[in-house]
Asker: 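Below you will find the structure I want to go over with you.
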Amino acid sequence: MKLPLEFYTHNDVLSITRNLLGKYLFTKIDGILTGGYIVEAEAYNGIIDKASHSYGGRQTPRTQTMYMQGGVSYVYLCYGIHEMFNIVTSTEGEPHAILIRAIVPTEGIPEMLLRRNMPVLKNNITMGPGSVAQALGISRKTNTVDLTGDVIWLEDHGLTFTNDQIKAVPRVGVAYAAEDALLPYRFFVKDCKYVSKPNK
DNA sequence: GAGATGATTAGCT
DNA sequence: GCTAATCATCTCC
């Protein structure tokens, strides 16, 4: 059931992103199991993606993780407080990554409530990339973790979405990036209450 | 070594 | 809808 390493090492980061929707993401942090299935993800297509840390082939200590072979986690801090969970794909030297933006929680919900400091379950518990990471207990300590290991992993439970249920939208703010601006990099499940804002 | 910045979120208007 | 909060990392001097 656990996704094999081959799932992550394909070169087509966009099709991997599409296939990630409906896959289950689990984490076991401090011995506590939490998880859910992915409903929103965004591809970061390496050196041609202006929004990527590795745009233009930039290589820094932080982005080293993106250049690794697919199948590891890439966690980084943004705006000082939000930790983001990415899945590195493709082969070594190709800085492809997929940002997990939203999941539907299924396992360990009480623990997620504690981590998010929320009294009751609300739709926004895993809405947005920062919230997903926090609810799952992901932090920079879980950077470069092997996704076929026992800390963070993905499973296929046979859940799939039709093309009608999935919406792919072009990224915004890259209008001058020629044909790349037209590519649909962001995938999400329509009308899912856990998906962040424009969910139709 | 100092300054700018950002793939966000929450809370107020 | 819009704006403030907040800090590790990158870049330039």
Side-chain angles (χ1 to χ4, degrees), chain A residues 8 13-14 16-18 20-21 25 27 36 38-68 70 72-90 94-105 112-145 147 152 167-177 180-189 192-200:
Chain A
Y8 306 104
V13 64
L14 289 178
I16 297 175
T17 306
R18 165 68 176 81
L20 274 178
L21 297 183
L25 170 67
T27 63
I38 298 168
V39 291
E40 186 178 1
E42 186 168 316
Y44 281 83
N45 200 5
I47 61 175
I48 64 167
D49 189 345
K50 186 176 178 297
S52 172
H53 289 153
S54 50
Y55 172 65
R58 212 166 29 165
Q59 218 166 340
T60 66
R62 181 177 58 158
T63 60
Q64 278 304 314
T65 307
M66 295 183 83
Y67 289 86
M68 292 173 69
V72 298
S73 66
Y74 173 41
V75 182
Y76 73 94
L77 192 68
C78 186
Y79 287 78
I81 46 179
H82 302 293
E83 320 221 49
M84 316 268 203
F85 172 63
N86 297 250
I87 295 172
V88 177
T89 69
S90 192
E94 290 279 334
H96 292 181
I98 299 166
L99 173 69
I100 305 303
R101 300 183 61 87
I103 69 171
V104 175
M112 294 192 202
L113 293 175
L114 284 177
R115 286 173 180 154
R116 298 271 291 123
N117 199 22
M118 294 171 65
V120 294
L121 179 63
K122 284 196 294 191
N123 294 345
N124 67 353
I125 181 170
T126 51
M127 195 175 75
S131 303
V132 171
Q134 188 180 6
L136 293 176
I138 289 172
S139 69
R140 275 158 299 149
K141 281 186 295 190
T142 48
N143 191 19
T144 69
V145 166
L147 296 180
I152 305 173
K167 189 119 182 178
V169 296
R171 300 175 49 86
V172 293
V174 291
Y176 60 89
D180 292 333
L182 302 176
L183 293 174
Y185 277 52
R186 181 175 297 192
F187 296 83
F188 60 87
V189 178
C192 178
K193 59 186 179 181
Y194 291 99
V195 170
S196 52
K197 265 239 186 111
N199 63 349
K200 291 193 176 141

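Naming convention: chains lettered A, B, ... in sequence-line order (proteins, then strands); numbering from 1 in each chain. None of the values given here were measured: they were computed from a predicted structure. The figures that follow rest on heavy atoms only: side chains count, while hydrogens, waters and symmetry mates do not.
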Asker: For DNA chain C, report each stem as range with range, ordered by first number, or say none. Use Watson-Crick or G-U wobble pairs under 3.5 Å, at least 3 in a row.
Answerer: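 Ordered by first number, the stems with DNA chain C (at least 3 consecutive pairs each) read B:1-6 with C:7-12, B:8-12 with C:1-5.
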Asker: Check whether any side-chain heavy atom of A/Tyr67 sits under 4.5 Å from a side-chain heavy atom of A/Ser54, and report yes or no.
Answerer: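 The answer is yes, as the side chains (C-beta and beyond) meet within the 4.5 Å cut-off.
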Asker: Can you tell me the distance, in whole Å, between the OH atom of A/Tyr79 and the C1' atom of B/dT5?
Answerer: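 From A/Tyr79 OH to B/dT5 C1': 8 Å.
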Asker: Under the side chain to side chain donor-acceptor pair (under 3.5 Å) rule, collect the residues that match up with A/Asn45, sequence neighbours excluded.
Answerer: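 Applying side chain to side chain donor-acceptor pair (under 3.5 Å) to A/Asn45 gives A/His96, A/Tyr185.
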Asker: Polar-atom pairs under 3.5 Å, protein N or O versus N or O of nucleotides 9-13 of chain C: list them with distances, or write none.
Answerer:
residue : atom : partner : partner atom : Å
C/dT9   : O3'  : A/Arg62 : NE           : 3.2
C/dC10  : OP1  : A/Thr60 : OG1          : 2.3
C/dC10  : OP1  : A/Arg62 : N            : 3.4
C/dT11  : OP1  : A/Arg58 : NH1          : 2.9

Asker: Is there a donor-acceptor contact under 3.5 Å from the side chain of A/Arg18 to the main chain of A/Ala168?
Answerer: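 Judged by distance alone, no pair lies under 3.5 Å.
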Asker: Does A/Asn86 reach the main-chain N or O of A/Val75 with its side chain, forming a donor-acceptor pair under 3.5 Å?
Answerer: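 Not at all, since once roles are kept as given, no pair shorter than 3.5 Å links the two residues.
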Asker: Taking the side chain as C-beta and beyond, is there a heavy-atom pair between A/Ile98 and A/Val13 under 4.5 Å?
Answerer: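 Side-chain contact under 4.5 Å: yes.
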Asker: Protein-nucleotides 9-13 of chain B N/O pairs closer than 3.5 Å?
Answerer:
residue : atom : partner  : partner atom : Å
B/dT9   : OP1  : A/Pro129 : N            : 3.0
B/dT9   : OP1  : A/Gly130 : N            : 2.9
B/dT9   : O4'  : A/His82  : NE2          : 3.2

Asker: Using side chain to side chain donor-acceptor pair (under 3.5 Å) as the criterion, list what pairs up with A/Thr17, not counting sequence neighbours.
Answerer: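 A/Thr17: no side chain to side chain donor-acceptor pair (under 3.5 Å) contacts found.
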Asker: So does A/Glu42 get a backbone contact from the side chain of A/Arg186, meaning a donor-acceptor N/O pair under 3.5 Å?
Answerer: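 No, A/Arg186 side chain to A/Glu42 backbone: no donor-acceptor pair under 3.5 Å.
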Asker: Sub-3.5 Å donor-acceptor pair from the side chain of A/Ser131 to the main-chain atoms of A/Met127, do we have one?
Answerer: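 Answer holds: yes.
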Asker: May I have the list of side-chain donor-acceptor pairs in residues 76-83 of chain A shorter than 3.5 Å, sequence neighbours left out?
Answerer:
residue : atom : partner  : partner atom : Å
A/Glu83 : OE1  : A/Arg140 : N            : 3.4
A/Glu83 : OE1  : A/Arg140 : NE           : 3.1

Asker: Checking A/Thr126 side chain against A/Tyr194 main chain: does a donor-acceptor pair fall under 3.5 Å?
Answerer: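 No, because the side chain of A/Thr126 does not come within donor-acceptor range (under 3.5 Å) of the backbone of A/Tyr194.
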